[in-house]
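Note that the structure is a prediction, hence the values are computed from the model and not measured. Read the numbers this way: they start at 1 and go in the same order the structure lists the ligands and their atoms.
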Amino acid sequence: MVTGLDTHEVFNQTPPLAGYDLFTSDAVLAEAVDREGARWARPELEGLGTLAGAAATQELGRLANEHRPELRTFDRTGHRIDIVEYHPAYHELMAMAVSHGLHAGPWSDPRPGAHVARAAKVIVWYQVDAGHICPVSMTYAVVPALRHQPEVAALWEPMIGSTTYDPSDRPASQKLGVTCGMALTEKQGGSDVRANTTTAQAVPGDPRRTYRLTGHKWFCSAPMSDAFLVLAQAPGGISCFLTPRWNADGSRNPIRIQRLKDKLGDRSNASSEIELWGAQGQLIGEEGRGVRTIIEMVNHTRLDCILGSASIMRQGVAQATWHASHRSAFGRLLAEQPLMENVLADLALESEAATASALRLARAYDAPEGDVRERLLQRILTPVVKYWTCKRAPQHAAEALECLGGNGFVEESPLPRLFRQSPVNGVWEGSGNVICLDVLRALGREPDAIEAYWDEIGDAGSADARLARAADDLHVDLADPGTLEVRARSVVERMALVFQASLLVRHAPTSVADAFCGSRLGPNGSGTFGTLPAGTDLAGILARHTPV
Ligand SMILES: Cc1cc2nc3c(=O)[nH]c(=O)nc-3n(C[C@H](O)[C@H](O)[C@H](O)COP(=O)(O)OP(=O)(O)OC[C@H]3O[C@@H](n4cnc5c(N)ncnc54)[C@H](O)[C@@H]3O)c2cc1C
């Protein structure tokens, strides 16, 4: 675009990437949706993709991050209210996400492929704004934990399943729809929740198994939720409680928001510190079994960490390839410069592997209860894929940002938001080491899980000798349990790469699978993007990743 200014013409600047369908323009995602059993969801995904790509929706994402949420602890007459006020754009995004079932679709309409369909929606919608997906994720994830207490689930699930977003601050029973959060982490530690100091005392004679919770939580990322799953120390040990914002009798539950965190990551969502002043919570599951109860929620939010990271990578590729197709340097479009092509294609490979592995994993969440193989795959692959996609996201975002040069640093562009958000999923719901240790726990306690993993890899190695060699090496490494803990990152990384490669050799074009195996499985990869060997079909890879 050429615009007249007093001193110069503005030219060679890239127009905003808007007015496109984020779903149909993502060939990798669309193929994975079909492959993993959610083809039926295509019409809705296309509608959501068009909505996400609209300039007006992208402006909502910008506004929601430009205007941070604010805490109001008291009303004008001095009553404690503990309210967070968000920009209207945040509420609009929440309403759109909820109306498309991102918060509960697979529970209210549990048809085969429902988790895959939702996973694809999250990958699309998270590209608009990551922040509001936090409460959306937690609402989705709370349901399997609540089902440990059927009468509580029977009360809350219909409210959670509503596709109406209702931000009003009143008792859940008076609302048109509810959202949920979680409060586990305390000041002294988040990974080791058994060290929680918040106490829970049973209300004597209460048939609803109500307890009074007293203590603090150091991270509570959706403090306007209608209910929270909270871990606290009951006499029988660490236990899980559903703690509503308002009590059933219409009184405010004393959950005090102390302050909002000034944190890295998105700015649209409000992460807070809270105190529980004898707040009422209903016991979910058994006393002393809190970790086992909440693990169901944790697994589902871990899946969302993977989806978020895949989404960040996809948006990074979309922005970088779009920019390179419009910006010239040294007389040629960036997209035509061999070294830039190498960087873009390498970013695209990572994004493709992340999306393919995320959607395959989502299929394991769709499997019926009795499907032992898929349950074992879910157990082992959730931490494996979380570790690796979350590890790659920050490097990926940094490199995508560099493709835009200085323009990538300008806050009005989406790149700074991608970059700030990129490490969050790696910390939330288990940081890298903790996730690797969880893989070791799965290997130790559920030996059939690794069998399911190898069964999933199957004979994929017959299509690529580098994959076959990497799988052989991994077998050897796993066979030596003695030093596994200190080697855990290296082993889990290779488990993820072998899994991703097995998907690509089966389902991706040869150019993609070949470049992925050559750069990630052999001795040649340095980890830096843009180091694919000469002779790689860069144009072939990029053709399926450039958005429009
Ligand atoms: C943006 C954001 C939002 C969040 N929202 C919420 C929320 O809504 N609710 C909530 O409950 N929590 C929330 N959290 C907290 C998050 O879950 C914790 O930060 C996380 O679990 C890590 O706990 P920690 O911060 O106490 O770190 P620590 O537990 O102190 O861990 C520090 C480091 O030590 C490593 N480590 C720990 N144990 C071992 C070990 N045995 N061997 C080797 N290394 C180890 C960890 O991997 C980590 O790198 C949020 C965090 C962030 C960043």
Novice: Look only at interatomic distance and state if Ser191 has a nitrogen or oxygen under 3.5 Å from any nitrogen or oxygen of ligand 1.
Specialist: yes
Novice: How far is atom 21 (O) of ligand 1 from its nearest protein heavy atom, and which residue and atom is that?
Specialist: Gly190 C, 3.9 Å
Novice: Under 3.5 Å, N or O to N or O, is Lys263 touching ligand 1 that way?
Specialist: no
Novice: List ligand 1 atoms under 4.0 Å from Met182, heavy atoms only on the residue side.
Specialist: 7 (C), 8 (O), 9 (N)
Novice: Check each atom of ligand 1 against the heavy atoms of Leu184 and keep those under 4.0 Å away; list them by number with element.
Specialist: 10 (C), 11 (O)
Novice: Taking atom CG of Leu307 and atom CG of Leu361, what is their separation to the nearest 0.5 Å?
Specialist: 8.0 Å
Novice: Can you find an N or O of Gly430 that's nearer than 3.5 Å to an N or O of ligand 1?
Specialist: no
Novice: Run the numbers on Asp82 and Arg252 for salt bridge (Lys or Arg N to Asp or Glu O under 4.0 Å), then give the verdict.
Specialist: CA-CA 10 Å; Asp82 296 283; Arg252 273 183 197 278; over 6 Å; no
Novice: Considering only heavy atoms, which of Val427, Leu229, Val434 lies nearest to atom 36 (N) of ligand 1?
Specialist: Val434
Novice: Any protein heavy-atom neighbour for atom 33 (C) of ligand 1 (distance below 4.0 angstrom)?
Specialist: no
Novice: With heavy atoms of Gly189 as the reference, note each atom of ligand 1 found under 4.0 Å away.
Specialist: 26 (O)
Novice: Is the closest N or O pair between Ala183 and ligand 1 shorter than 3.5 Å?
Specialist: no
Novice: Starting from atom 16 (C) of ligand 1, which protein heavy atom do you reach first, and at what distance in Å?
Specialist: Thr185 OG1, 3.7 Å
Novice: Within 45 degrees of the axis of the six-membered ring of Trp277 and under 6.0 Å from its centre: does Arg256 put its NZ or CZ there?
Specialist: yes
Novice: Would you kindly check if the NZ (Lys) or CZ (Arg) of Arg245 is within the cone defined by 45 degrees around the ring axis of Phe228 and under 6.0 Å from the six-membered ring centre?
Specialist: no
Novice: So which heavy atom in the protein is nearest atom 3 (C) of ligand 1, and how far is it from that ligand atom?
Specialist: Ser221 OG, 3.1 Å
Novice: Can you find an N/O atom of Ser431 closer than 3.5 Å to an N/O atom of ligand 1?
Specialist: yes
Novice: Report the residue from Thr293, Leu242, Leu184 that forms a side chain to side chain contact (heavy atoms under 4.5 Å, CB included) with Leu229.
Specialist: Leu242
Novice: Evaluate the 4.0 Å heavy atom contact test for atom 42 (N) of ligand 1: does a protein atom fall under the cut-off?
Specialist: yes
Novice: Scan side-chain atoms only and decide if Asn65 and Asp266 contain a donor-acceptor pair under the 3.5 Å cut-off.
Specialist: no
Novice: So does Arg314 pair up with Glu352, basic N to acidic O under 4.0 Å?
Specialist: no
Novice: May I ask you to test the Gln174-Pro171 pair for a side-chain heavy-atom distance under 4.5 Å?
Specialist: yes
Novice: Quickly, which of Leu146, Ile295, Ile294 forms a side chain to side chain contact (heavy atoms under 4.5 Å, CB included) with Cys240? Name it, please.
Specialist: Ile294
Novice: Does the protein put any heavy atom within less than 4.0 Å of atom 25 (O) of ligand 1?
Specialist: no
Novice: I want to know whether His79 and Phe74 have ring centres closer than 6.0 Å.
Specialist: no
Novice: Should one rank Asn433, Ile294, Val486 by closest heavy-atom distance to atom 35 (C) of ligand 1, which comes out on top?
Specialist: Asn433
Novice: Just checking, any donor-acceptor pair under 3.5 angstrom between side chains of Asn196 and Thr198?
Specialist: no
Novice: Numbering the atoms of ligand 1 from 1, which are under 4.0 Å from a heavy atom of Leu437?
Specialist: 40 (C), 41 (N), 42 (N)
Novice: By number and element, which atoms of ligand 1 are closer than 4.0 Å to a non-hydrogen atom of Glu429?
Specialist: 17 (O)
Novice: So which heavy atom on Leu264 is nearest to which on Arg420, and how close?
Specialist: CG-O, 3.9 Å
Novice: Closest by any non-hydrogen atom to atom 10 (C) of ligand 1: pick that one out of Phe228, Trp428, Phe219.
Specialist: Phe219
